[in-house]
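First up is the structure itself, then whatever we jot down about it.
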There are 2 protein chains.
Amino acid sequence: MSSTETAKPSRREQILTAAAELFARHGFHGVGIDDIGAAVGISGPALYRHFRSKDAMLGEMLTSISERLLDGGQARVDAAADAASALHSLVRWHVDFALEDPALITVQMRNLANLTDPDRRRVRTLQRRYVEVWVETIRRTVPSADEPTARAAAHAVFGLINSTPHSAHLDRDQMASLLSRMALASLTAADLAPLTA
Amino acid sequence: MSSTETAKPSRREQILTAAAELFARHGFHGVGIDDIGAAVGISGPALYRHFRSKDAMLGEMLTSISERLLDGGQARVDAAADAASALHSLVRWHVDFALEDPALITVQMRNLANLTDPDRRRVRTLQRRYVEVWVETIRRTVPSADEPTARAAAHAVFGLINSTPHSAHLDRDQMASLLSRMALASLTAADLAPLTA
DNA sequence: ACGGCAGGTTAGCAGGCGTTCACATAGCGC
DNA sequence: GCGCTATGTGAACGCCTGCTAACCTGCCGT
């Protein structure tokens, strides 16, 4: 009874974390099964005691991150009093997530193409739903934006926030503050759909 | 004398373009030499008449894009009358570039790690200089931003603009307008460095 | 007319990769 | 104590991939 629940996440989670780091740095195909093993102190084929295949690791990792992102985002929006604060906490949620786990965010951005077909379908569905949460929230705060514009703006903001890993120049709090402010400011400019700049 | 210069860019450029498209979609390691050949109508090893290796293709492609980005950006800044219009045309330059060649931008964002060591050094140097152009321009327009903040903001804006390939919901002009406005708006929020949001 | 070269072809090799196999061993319920 | 299960190991296998080799061919300058 000393540690019935805290001790469980050991190996599997450990492997996933290490693999995420490696995938983020070298790309899925740039990382060997032996590299992942070495990163957690075991060697090579031992990983197959925990995962069915290398693809399964990526699949599980991307599925879980997409689910967490969607659930957390939805929860923040549901809990918000008004549209403006919904958008605010949605931004804050994504920023915190990206700063908390830069490797995972990077993998999700870059390695969708390396998923197995069924895995890719599942992840894309989750991502689409997450985007939908954003689109709705954006349109509630910036009513003059039509739907395609809001969608494009959402993707652009994801790009802005997810660019985190490439610049560690600031400490976490400053970075979070900067990214949040930039994201929100950029979204307020997402109105006036047509007309050249 | 009929076509001494316009006819040359044929094969080499053609291959590079096709390879960029494939690398962007499947990742460097996810694309075979045969795939690239097939994409330009020749088959497999014929590519070695034009490039020394697969790495050399990526190297040349990333070096050239980094040079074009830097030169174009520098030129826009030099030609600008004041700081504000310098930033404006810098944004416009990058946006146009990203919309013109989404595949190249994607490859540059994602496949730095797959470069050969010497190639990576050269590309990183070029990228650093490009970032420097942005940092200086940002600091001239937003004087209250310190240098690390300006640098982080520049990276964030790159992320915002380069997210283009993932969303083709809008036509080119609308997309260019939207991204430009979002980028500029986000940069105006890059002041007030510290203090939590 | 012709020799050479730019550019293409197919066959084959060597290395690396994901995966499996046969085997070891440590903890643990009976 | 004993066997079962969970976990790890090193060797081996088969495939796939980048690259080279040997050979072909049409164009272009002289």
Side-chain angles (χ1 to χ4, degrees), chain A residues 1-20 22-23 25-62 107 111 113-120, chain B residues 1-20 22-23 25-62 107 111 113-120:
Chain A
M1 61 193 69
S2 56
S3 60
T4 45
E5 307 199 336
T6 47
K8 254 200 306 179
S10 255
R11 267 285 114 113
R12 248 183 113 82
E13 301 279 347
Q14 193 184 156
I15 292 170
L16 245 26
T17 306
L22 289 171
F23 290 165
R25 188 143 43 229
H26 308 287
F28 181 69
H29 292 291
V31 177
I33 229 65
D34 292 344
D35 300 326
I36 304 174
V40 297
I42 68 184
S43 209
L47 295 170
Y48 288 79
R49 299 292 167 188
H50 304 277
F51 295 93
R52 212 177 337 166
S53 69
K54 194 188 169 195
D55 300 275
M57 293 184 210
L58 186 66
E60 188 164 326
M61 147 175 358
L62 288 200
V107 174
N111 292 72
N114 299 311
L115 281 173
T116 259
D117 281 340
D119 280 344
R120 177 155 3 99
Chain B
M1 61 189 71
S2 57
S3 61
T4 45
E5 309 197 335
T6 47
K8 255 201 303 180
S10 255
R11 268 284 115 116
R12 248 182 114 82
E13 302 279 347
Q14 190 184 158
I15 292 169
L16 244 28
T17 305
L22 289 171
F23 289 166
R25 187 142 42 227
H26 308 286
F28 181 68
H29 291 293
V31 176
I33 231 62
D34 292 344
D35 301 326
I36 305 175
V40 298
I42 68 185
S43 207
L47 296 169
Y48 288 80
R49 300 288 165 190
H50 304 278
F51 295 92
R52 210 170 339 146
S53 70
K54 194 188 167 193
D55 300 277
M57 293 183 210
L58 186 65
E60 188 163 326
M61 152 179 347
L62 287 201
V107 174
N111 293 72
N114 300 310
L115 281 172
T116 262
D117 281 340
D119 279 343
R120 176 156 2 98

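Note: hydrogens, waters and symmetry copies are ignored here, and every other heavy atom, side chains too, is used. Predicted model only: the values in this text are computed from it and were never measured.
- Among the protein residues, B:Val40 comes within range of no part of the nucleic acid, since none of its heavy atoms lies under 4.0 Å from any strand.
- Within 4.0 Å of A:Ile42, counting heavy atoms only, lie sugar-phosphate atoms of the nucleic acid but no base atom.
- Atom CG in A:Asn111 sits 12.0 Å away from atom CZ in A:Arg120 (nearest 0.5 Å).
- In this structure, the CG atom of A:Asn114 is 15 Å from the C1' atom of C:dG18, given to the nearest Å.
- When the nearest nucleotides of DNA chain C are assigned to B:Ser43 and A:Asp35 by heavy-atom distance, the more 5′-ward of the two goes with B:Ser43.
- Checking each of B:Val107, B:Thr116, B:Val31 against B:Leu58 for a side-chain contact (heavy atoms from CB on, under 4.5 Å) leaves exactly one that passes, namely B:Val107.
- The side-chain heavy atoms of B:Met57 and B:Leu47, taken from C-beta on, include a pair separated by under 4.5 Å.
- Look at CE on A:Met57: it is 13 Å from C1' on C:dC17, rounded to the nearest Å.
- Between the CZ atom of B:Phe51 and the C1' atom of C:dG8 there is a distance of 16 Å, given to the nearest Å.
- Residues B:Arg11 and B:Ile42 are in side-chain contact: their nearest non-hydrogen atoms beyond the backbone lie under 4.5 Å apart.
- Rounded to whole angstrom, the span from the CZ atom of B:Arg11 across to the P atom of C:dG7 amounts to 9 Å.
- Although no hydrogens or angles enter the test, the distance criterion places a donor-acceptor pair under 3.5 Å between the side chain of A:Ser53 and the main chain of A:Ala56.
- Between chain B and DNA chain D, the heavy-atom contact criterion of under 4.0 Å yields a 5' to 3' nucleotide range of D:dG18 to D:dC23.
- Between the CG atom of B:Asp34 and the C1' atom of C:dT9 there is a distance of 12 Å, given to the nearest Å.
- A:His26 places its NE2 atom 12 Å from the P atom of C:dC17, with the value rounded to the nearest Å.
- Residue B:Lys54 holds its NZ atom at 7.0 Å from NE2 of B:His29, rounded to the nearest 0.5 Å.
- With rounding to the nearest 0.5 angstrom, the CZ atom of B:Arg49 is 14.5 Å from the CZ atom of B:Arg12.
- Contact between the side-chain N/O atoms of A:Arg52 and the OP1/OP2 oxygens of C:dT19 is not found at any separation under 4.0 Å.
- Along DNA chain C, the nucleotide nearest A:Arg49 and the nucleotide nearest A:Gly44 are compared for position; the residue whose nucleotide lies closer to the 5' end is A:Gly44.
- Heavy atoms of A:His50 sit under 4.0 angstrom from primed sugar atoms or phosphate atoms, though from no base atom.
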